[in-house]
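Numbering of ligands and ligand atoms starts at 1, following listing order.
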Amino acid sequence: MIRANDIIDKVADYYPSADFDIIRKAYAYSAYAHRNQVRLSGEPYMVHPIEVANILAEMKMDVASIAAGLLHDTLEDDPMTSIEDLNLRFGDEITALVEGLTKINKIKFKSSREHQAENYRKMILAMVKDIRILIIKLADRVHNMRTLDFQKSDRRQAIAQETLDIYSPLANRLGISWIKQELEDQSLRYLQPAIYRELEDKVARKELENRAFIETIIKLVQRNLSHSGINAQVSGRLKHFYSIYRKMVRRDIAFEQIYDIIAFRILVADKAECYNVLGIIHTLWRPLPSRFKDFIGIPKANMYQSLHTTVIGPDGRHVEFQIRTHEMHQIAEMGIAAHWHYKEGYQLDDHDRKQMDWLRQMIEWQQDVDNPGEFLDSVKIDLFSEAVYVFTPTGEVKELPSGSTPIDMAYSIHSKVGDHCSGAKVNGKLVPLRYQLKNGEMVEIVTSTRQHPNKDWLAFVRTSKARTKIRQWVKKEEERRSIELGRELCEKAFSRVKQSFNQTLKSGKMQAAAEEFSLKHAEALLAAIGRGKLSARQVINRIFPELRKPQKGKGEKEDKKSAQKPVRDGISIKDIDDVMVRFAKCCNPLPGDDVVGFITRGRGLAIHRRNCRHVDHGNSERYMDVSWNLERSSSHLVKIKVMCEDAKGLLVALGTAISSQGANITSGSLKTTIDQKAHCYFEIQIKDLDHLKRVKMALRGVKGVYQVARIS
Ligand code: MN
């Protein structure tokens with residue numbers, strides 16, 4: 001167990017004249033407050049605050065943060081501890097930190113997005129008061145994740161998910177990369193234990209090979225750099241598991257297919273040398289132009305600075321280099337925490353205060369390039385809803401709520417401009433429609449008569465005017481499409497009973513039928529059919545009761561069949577809410593697949609994969625854009641083929657791999673070939689494309705498997 005003195009020694013290293021008494025006092029106070037508590041591991045509770053304080057000392061945080069780290073759970077856990085009490089003993093600064101941490105702990109993160117936005121808001125408000133609160137909270141979470149084994153398994157999953165959703169993005173945002181990486185890896189370990197173990201295993205098996213490779217590269221680089229008189233520190237290391245895992249999922253590939261799992265880092269004295277080193281690396285090996293990034297010239301908003309380049313190294317292997325100065329490296333590892341490193345004096349100086357303001361700004365406005373839309377998107381809406389002022393091309397000023405997009409701007413000019421807004425130029429450059437306008441920008445709206453409002457716009461517009469107008473249009477369009485579909489369904493059904501739909505319509509009989517169904521007019525009747533609320537057969541039965549009798553049995557059966565409820569099953573259709581939908585049997589689309597809807601004659605909308613050979617691209621007016629509504633879960637049948645060695649127990653291993661990812665097997669078969677290989681076919685129930693990818697990855701992890709493919 002770490003003692004108070006271990007922490008004090010660490011602090012003394014970077015801040016010899018610190019007030020160590022405060023640390024001792026906080027230690028003693030916390031030990032007393034937690035004296036009767038035991039952690040799930042069986043250790044005394046005090047181990048936890050000490051470890052948290054120790055992490056903070058390793059980050060070279062100030063004394064107030066370290067004391068607050070020791071005290072962070074006292075207010076919550078010890079009934080005898082009060083704010084007044086802490087204030088009296090430790091003063092305002094430390095008490096405010098402990099209070100802030102206690103508040104964050106009380107925020108219960110729920111899974112729904114609405115709740116999350118509110119939680120983020122509270123969290124951000126708490127941390128904006130003093131960013132050290134968040135740094136201490138992150139240290140707290142690091143230690144909790146390190147000791148997560150002792151939690152019950154469902155708690156483990158929930159905590160790991162929360163860490164991945166909230167705390168690792170926050171660490172990233174604050175630029176503390178070591179915390180981000182550790183939290184991601186720990187979360188992966190609990191959320192995908194099989195995959196994590198597989199990665200560990202595979203990495204361990206290649207360790208010697210990797211170490212030799214690292215050494216070769218380092219030697220080569222060192223030699224070339226010293227020839228040019230550059231004194232550099234070169235190191236190579238394995239990328240963290242979560243980033244490897246993400247790459248495997250994103251590109252749907254096996255571990256063996258990832259070549260750049262090792263990254264090299266070159267640290268030098270100053271900026272000019274960074275570019276020198278870059279030149280030398282690029283003369284040694286050919287760079288991949290798309291992978292070069294200059295974060296020195298253009299630092300990331302979280303202060304990160306570095307040059308990144310990937311070259312085609314020995315044996316054609318891709319090798320990634322990060323080139324930066326020692327100072328940049330410290331900031332890359334520590335992020336915002338680097339600014340609390342003890343320099344001199346106890347108070348935050350002006351520089352730090354400026355950093356805090358800057359940080360507030362960052363929290364308000366930064367959009368993370370690597371992780372778009374994930375984190376602050378949901379918060380931005382209300383959090384600091386100030387106005388943003390932008391210019392029209394004629395110099396007119398428009399005031400819009402912050403977070404407004406070109407579409408909001410277009411609607412503020414005129415509804416027609418909004419309805420036909422197809423793009424926008426900000427300061428002369430084309431931007432996406434979801435672009436968020438910033439103060440002082442000159443915004444030019446591009447319109448096109450072919451452009452129409454889109455349901456997806458509702459996800460990012462801010463002004464209520466835009467929202468209302470888009471909804472109106474969507475509703476009108478939905479009506480039009482439903483009528484069209486209803487007409488198709490009727491024409492087909494009428495011709496089946498040898499009646500003319502057009503004549504019936506002209507004769508006013510449709511109108512009469514509509515009234516019988518308590519609908520206002522014939523079009524409303526057609527719309528109801530298009531939406532699947534009524535069947536064409538029901539209408540025919542009303543209008544031609546005489547047709548009903550001769551084929552009673554059959555007619556009723558058909559009636560049921562064509563009156564099927566709209567089966568929308570996880571799919572949402574642009575501009576339409578209610579139509580009959582079915583999934584094409586020829587290509588079995590899965591949520592996540594790129595799909596189109598085909599307006600069939602009489603059988604509603606058929607969903608095909610876009611690359612299905614039955615999709616006729618020349619017949620475009622019968623196709624509708626559809627998209628998946630991934631929040632709705634449903635399962636879909638998918639056939640997969642696994643090619644593997646014909647070994648004992650393989651089928652069991654494959655089955656286990658499939659069910660480890662929560663997929664159901666509905667059928668399976670196995671064929672062996674003469675060369676000791678096996679072809680296994682499975683039909684499994686899958687939620688969406690992502691789910692399928694995970695299953696495929698789990699299968700590839702089974703020893704003896706060569707290939708996994710989806711078949712139709
Ligand atoms: Mn804690």
Side-chain angles (χ1 to χ4, degrees), residues 1-4 6-7 23 25-59 61-83 85-86 90 94-109 119 122-123 126-127 129-152 155-168 170-171 174 176 178-180 182-183 186-187 190 337:
M1 188 164 139
I2 298 165
R3 296 157 168 280
D6 299 325
I7 294 171
I23 297 179
K25 255 169 73 184
Y27 186 99
Y29 188 95
S30 179
Y32 186 77
H34 296 299
R35 67 193 177 283
N36 294 324
Q37 265 176 288
V38 179
R39 296 203 94 210
L40 290 172
S41 61
E43 291 171 300
Y45 191 86
M46 188 57 190
V47 170
H48 170 65
I50 294 173
E51 287 287 351
V52 172
N54 189 49
I55 291 170
L56 292 165
E58 267 164 13
M59 292 168 78
M61 292 296 289
D62 62 355
V63 169
S65 301
I66 289 163
L70 286 165
L71 296 167
H72 79 272
D73 281 330
T74 55
L75 203 53
E76 198 177 342
D77 292 346
D78 174 29
M80 302 300 285
T81 300
S82 67
I83 292 173
D85 195 26
L86 287 176
F90 300 102
I94 293 171
T95 307
L97 293 175
V98 177
E99 221 187 320
L101 283 155
T102 311
K103 269 189 197 145
I104 292 185
N105 276 347
K106 292 210 172 106
I107 303 173
K108 290 282 169 280
F109 288 95
N119 287 332
K122 281 190 202 150
M123 176 105 127
M127 73 193 217
K129 281 193 194 129
D130 191 330
I131 210 66
R132 287 175 296 182
I133 293 171
L134 185 65
I135 296 171
I136 301 165
K137 181 67 201 170
L138 287 172
D140 178 39
R141 184 50 63 116
V142 166
H143 185 245
N144 284 335
M145 289 302 290
R146 284 177 186 169
T147 52
L148 200 58
D149 265 337
F150 299 103
Q151 289 278 354
K152 278 189 230 132
R155 284 290 296 147
R156 270 190 294 219
Q157 296 268 324
I159 294 171
Q161 190 63 52
E162 182 186 276
T163 301
L164 200 57
D165 288 346
I166 294 157
Y167 292 101
S168 60
L170 276 172
L174 298 188
I176 313 174
W178 77 267
I179 291 190
K180 170 189 175 255
E182 179 167 346
L183 291 182
Q186 293 277 15
S187 302
Y190 292 100

Partners passing side-chain hydrogen bond (donor to acceptor under 3.5 Å, both in side chains) against [X] (at least two apart in sequence or in another chain):
| X | value |
| --- | --- |
| D6 | none |
| R39 | N144, T147 |
| Q151 | none |

Legend entry - Basic-acidic side-chain contact under 4.0 Å: D62, R132: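 Here D62 pairs with R132 in a salt bridge, since their nearest N and O are under 4.0 Å apart.
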Legend entry - E182 and R146 ion-paired at < 4.0 Å: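 Answer for the salt bridge query: yes.
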Inset, instruction - May I ask you to list the protein N, O or S atoms found at less than 2.8 Å from the Mn ion (ligand 1)? - result: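 Listed by chain and number, the atoms are H48 NE2, H72 NE2, D73 OD2, D140 OD1.
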Inset, instruction - Answer yes if the side chains of D85 and Y29 hold a donor-acceptor pair under 3.5 Å, and no otherwise. - result: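 A pair is found: one side chain offers a donor N or O, the other an acceptor, under 3.5 Å apart.
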